> 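Quick one: the structure is below, and I'll ask about it shortly.
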Amino acid sequence: MAFIKVQKLKMNDDGVVIGGSAAIVESKYQPQERVKPHGNAHSKHVVREKLGKVVWLANDRKKGIFSSPDRGLVEYSVQEDSFVSVSLDDPRIANSGRVQRPRKHVVFGDIHWLLCFLKQNHMCEILAKAFPDKSFLSRVYLHILHTILKDGGRISCDNFIAKSVASYIFHDISISSLHCDSKFFDVMGDEATRLSFFKAYVTNMKKRFPDFGNGCYIDSTPLPNEAKDNPLNYFCSHGTDSAKLQTRLALVLDKTIGRTVWYTALSGNINDINTLKNIKKDVYSSIGITIKSFILDAGYISKELIHTMCSEEGKDFIGRMPNRKGFQYKELFNTYVKPFISKLKGYQFFRGGHTYFGNKTKWNFWGDEVYAYLYVDKNNALNTNQDFHNKNQDEMENMNEEELFWHANKGGYFVLLSNIDKNTDEILDNYLGRVEIEYLFKTAKEYIGLLPLSKWTDQRIKGKILLDIICTNILLDIRNIINKDNIPVSELWGRLQSLTCFSESKNNIRVVTPNKKVKLYYQYLDDPLPPETIDIQKMRQDLHLV
């Protein structure tokens with residue numbers, strides 16, 4: 001028969017258990033073994049199950065409440081030989097100091113990894129200088145964590161922070177206030193805030209990268225029109241049949257590492273040389289950077305721009321020639337592409353898995369001579385021609401040889417204009433630097449979610465854009481170190497979220513043992529493994545919050 005065996009039981013003057021452990025023990029008959037040398041008993045006590053700490057024990061010791069390592073808080077009865085769950089509100093254990101509340105585990109890995117990366121990447125230093133108010137700096141951190149780590153999800157900032165270790169680290173901020181942080185975005189949208197951040201950012205980057213800021217270029221992208229009630233859109237319209245509201249975001253990027261050093265939100269669809277002049281002047285007066293290169297899409301190229309670029313020394317540009325009146329788009333094709341495209345030596349090269357034809361000539365545009373670099377991306381041309389043929393078979397049967405040849409190549413044909421004299425492959429490489437900014441735009445729009453889909457004031461939209469630009473620069477820095485191992489960002493965050501922690505005390509966090517994948521991803525940081533115990537105050541010091 002089983003019984004409860006108690007060891008080192010201690011009780012206070014009020015009869016409350018303050019020490020001791022117990023186990024369920026059975027007496028088993030051993031016919032071949034005498035337990036006592038001169039006795040007649042042939043039995044042996046065998047531990048069936050450890051009950052753990054004694055929390056409460058009946059006077060006859062046939063029933064008790066225990067903090068079991070396997071079952072948690074349970075009641076065991078010898079007579080019924082059964083277990084019953086016990087509530088923390090049970091009056092029998094009301095005064096017991098031996099009842100441990102369940103540890104609240106929260107997500108740790110992704111938050112801690114990103115904060116360590118920000119420290120390692122000098123972003124903590126930059127943010128502290130840009131946002132000297134400690135309380136506001138905490139909010140900046142929380143919104144950065146939410147924006148980057150939500151991984152394109154719809155979870156709100158307050159809910160995201162509540163389930164993570166950030167709720168312990170940034171205890172000075174009310175989580176509920178994050179649900180609608182309008183005041184935060186009002187401050188972020190102030191011109192002084194934008195200037196403060198980029199001054200701190202550029203100053204720090206110049207210390208780390210000597211060539212940072214020496215070569216910058218401008219490009220722009222339309223902001224998503226699904227952003228409801230975007231007040232910046234109200235200043236522009238485009239289209240003949242109906243008004244199409246549009247806002248463009250012009251970014252100034254450093255050529256060294258391809259990160260944003262300045263931005264401007266433009267109300268309108270069409271940008272010209274005056275736009276570039278204003279941005280150039282704004283960047284120099286604000287952060288002391290001179291823009292020397294312009295890598296432009298077709299929307300910028302005009303007679304005035306070509307004349308300005310050709311007349312200014314020390315400024316170079318590469319722009320995609322538009323197919324519109326005044327530009328001999330098809331004439332250049334017939335003269336410098338058609339007779340040479342079948343030749344391989346000196347005209348064919350390869351980039352990014354694509355086969356290119358390239359040729360160049362000097363061409364006069366309204367009295368200014370520039371280099372026209374003519375290309376045919378043969379892969380794109382083939383795919384476009386096949387698609388057109390499948391949809392327009394009857395039309396193609398009536399085409400002559402010249403028309404068929406044009407359709408076979410026009411899907412991959414484009415012209416770059418520049419005042420730089422280089423080989424065709426080199427100019428294309430320079431222009432494809434725009435891929436970096438397109439990549440940035442795609443990251444900001446799709447992954448981070450550039451602009452919220454809700455009602456915002458002009459000031460708050462500008463604040464959201466600043467936050468998104470900061471987060472995009474950080475995210476691109478992260479991708480820069482993990483892409484060499486072909487690790488998607490989503491996988492990085494997903495794996496790291498498996499690492500949890502719980503609060504040991506007001507100032508300490510206990511981290512559970514990380515698995516192999518988590519350990520592997522921590523190798524990208526200066527500290528290769530997360531510590532077993534986190535000192536919250538020390539971590540706040542590292543984040544410049546105290």
Side-chain angles (χ1 to χ4, degrees), residues 106-107 110-112 114-115 118 123-124 126-198 200-201 223-224 226-232 247 249 260 263 265 443-475 493 536 539-540 543-546:
V106 293
V107 177
D110 57 345
I111 296 284
H112 182 256
L114 181 52
L115 289 176
L118 295 180
M123 186 54 70
C124 292
I126 294 169
L127 294 175
K129 189 173 181 180
F131 309 109
D133 182 86
K134 304 301 183 185
S135 178
F136 188 81
L137 179 59
S138 289
R139 289 189 180 274
V140 172
Y141 275 120
L142 291 172
H143 282 284
I144 287 175
L145 293 173
H146 170 244
T147 303
I148 294 178
L149 297 176
K150 68 180 180 181
D151 199 20
R154 294 283 184 177
I155 185 172
S156 62
C157 186
D158 55 329
N159 289 332
F160 178 83
I161 297 302
K163 69 181 183 66
S164 75
V165 69
S167 60
Y168 297 152
I169 300 171
F170 302 92
H171 52 71
D172 56 322
I173 300 297
S174 168
I175 293 178
S176 61
S177 68
L178 298 170
H179 184 69
C180 182
D181 216 347
S182 300
K183 291 183 179 179
F184 168 79
F185 286 107
D186 278 335
V187 176
M188 288 290 284
D190 190 89
E191 183 63 24
T193 304
R194 178 174 67 140
L195 186 60
S196 177
F197 170 77
F198 281 111
Y201 183 71
L223 293 177
E226 63 267 23
K228 300 176 183 177
D229 298 314
N230 178 356
L232 297 177
T247 301
L249 185 65
T260 303
Y263 72 88
T443 299
K445 288 180 183 178
E446 297 181 4
Y447 184 86
I448 289 180
L450 188 62
L451 289 187
L453 305 182
S454 59
K455 292 183 179 180
W456 290 74
T457 65
D458 185 354
Q459 182 94 342
R460 291 172 196 167
I461 281 187
K462 291 176 180 177
K464 181 63 166 62
I465 292 175
L466 176 57
L467 175 67
D468 289 343
I469 294 299
I470 294 172
C471 291
T472 302
N473 278 350
I474 294 170
L475 186 59
W493 302 145
I536 295 177
M539 194 164 191
R540 287 178 60 83
L543 298 175
H544 303 275
L545 295 174
V546 291

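Note that these values count all heavy atoms, side chains included, but never hydrogens, waters or copies made by symmetry. Values in this document were obtained by computation on a predicted structure and should not be read as measured data. Throughout, numbering of the chain's residues begins at 1 and tracks the sequence.
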> Between S176 and S174, which heavy-atom pair has the shortest distance, and what is it?
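Taking every non-hydrogen atom into account, OG-OG, 3.0 Å.
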> Is there a side-chain contact (heavy atoms from CB on, under 4.5 Å) between F197 and I126 once you walk through the steps?
CA-CA 7 Å; F197 170 77; I126 294 169; 4.0 Å; yes
> Find out whether the Lys NZ or Arg CZ of R139 is both under 6.0 angstrom from the six-membered ring centre of F131 and within 45° of the ring's axis.
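No, a cation-pi geometry is absent between R139 and F131.
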> Tell me if a side-chain donor or acceptor on Y141 pairs with a main-chain N or O of L545 at a distance below 3.5 Å.
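Side chain of Y141 to backbone of L545, a donor-acceptor pair under 3.5 Å: no, none is there.
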> Could you give the distance from CG (L543) to CZ (F170), rounded to the nearest 0.5 Å?
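The CZ atom of F170 is 5.0 Å from CG of L543, to the nearest 0.5 Å.
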> Is there a donor-acceptor contact under 3.5 Å from the side chain of K134 to the main chain of A128?
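Flag not set: sc K134 to bb A128 has no pair under 3.5 Å.
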> Measure across A166 and L145 and return the closest heavy-atom pair with its distance rounded to 0.1 Å.
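Nearest pair, atom of A166 first, then L145: CB-CD1, 4.2 Å.
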> Quick one: does any side-chain atom of D172 pair with a main-chain N or O of S135 as donor and acceptor, under 3.5 Å?
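No, the answer is negative, given that no donor and acceptor are paired below the 3.5 Å cut-off.
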> Between atom CG of L142 and atom CD1 of I173, what is the distance when rounded to the nearest 0.5 Å?
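Here the rounded value is 6.5 Å.
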> Rounded to the nearest 0.5 Å, how far does OH of Y201 lie from CD1 of I470?
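With rounding to 0.5 Å, CD1 (I470) is 10.0 Å from OH (Y201).
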> Sequence neighbours excluded, which residues qualify as side chain to side chain donor-acceptor pair (under 3.5 Å) partners of H143?
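Checked H143 against side chain to side chain donor-acceptor pair (under 3.5 Å); matches are D181.
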> Which is it for N159 and S156 under the side-chain hydrogen bond (donor to acceptor under 3.5 Å, both in side chains) test, yes or no, and what are the steps along the way?
CA-CA 5 Å; N159 289 332; S156 62; 3.1 Å; yes
> How long is the gap from NE2 on H146 to CD1 on I111, to the nearest 0.5 Å?
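That separation rounds to 10.0 Å.
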> Minimum heavy-atom separation for Y168 and I536, please, with both atom names.
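In terms of heavy atoms, the two residues are closest at O-CG2, 3.9 Å.
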> Please report the shortest heavy-atom distance between M539 and L115, naming the atom on each side.
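Nearest pair, atom of M539 first, then L115: CE-CD1, 3.7 Å.
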> Rounded to the nearest 0.5 Å, what separation is found between the NZ atom of K129 and the NE2 atom of H544?
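It comes to 12.0 Å.
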> Nearest 0.5 Å, please: how far is CD1 in I474 from CG in L127?
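That separation rounds to 6.5 Å.
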> Are any side-chain N or O atoms of R194 and backbone N or O atoms of G189, one a donor and one an acceptor, separated by less than 3.5 Å?
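Side chain of R194 to backbone of G189: no pair is present.
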> May I ask you to test the F136-M188 pair for a side-chain heavy-atom distance under 4.5 Å?
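SC-SC contact between F136 and M188 confirmed.
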> Are any side-chain N or O atoms of T147 and backbone N or O atoms of I144, one a donor and one an acceptor, separated by less than 3.5 Å?
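Here the side-chain-to-backbone pair does not exist.
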> Look at atom NE2 of H171 and say whether more than 12 heavy atoms of other residues, nucleotides or ligands are closer to it than 6.0 Å.
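Buried by this count: over 12 neighbours within 6.0 Å.
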> Just by distance, do the side chain of S196 and the backbone of A130 share a donor-acceptor pair under 3.5 Å?
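Confirmed, S196 side chain pairs with A130 backbone.
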> Applying side-chain contact (heavy atoms from CB on, under 4.5 Å) between V187 and each of V140, T193, D133, report the one that passes.
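Result: among V140, T193, D133, T193 is the only option passing the side-chain contact (heavy atoms from CB on, under 4.5 Å) with V187.
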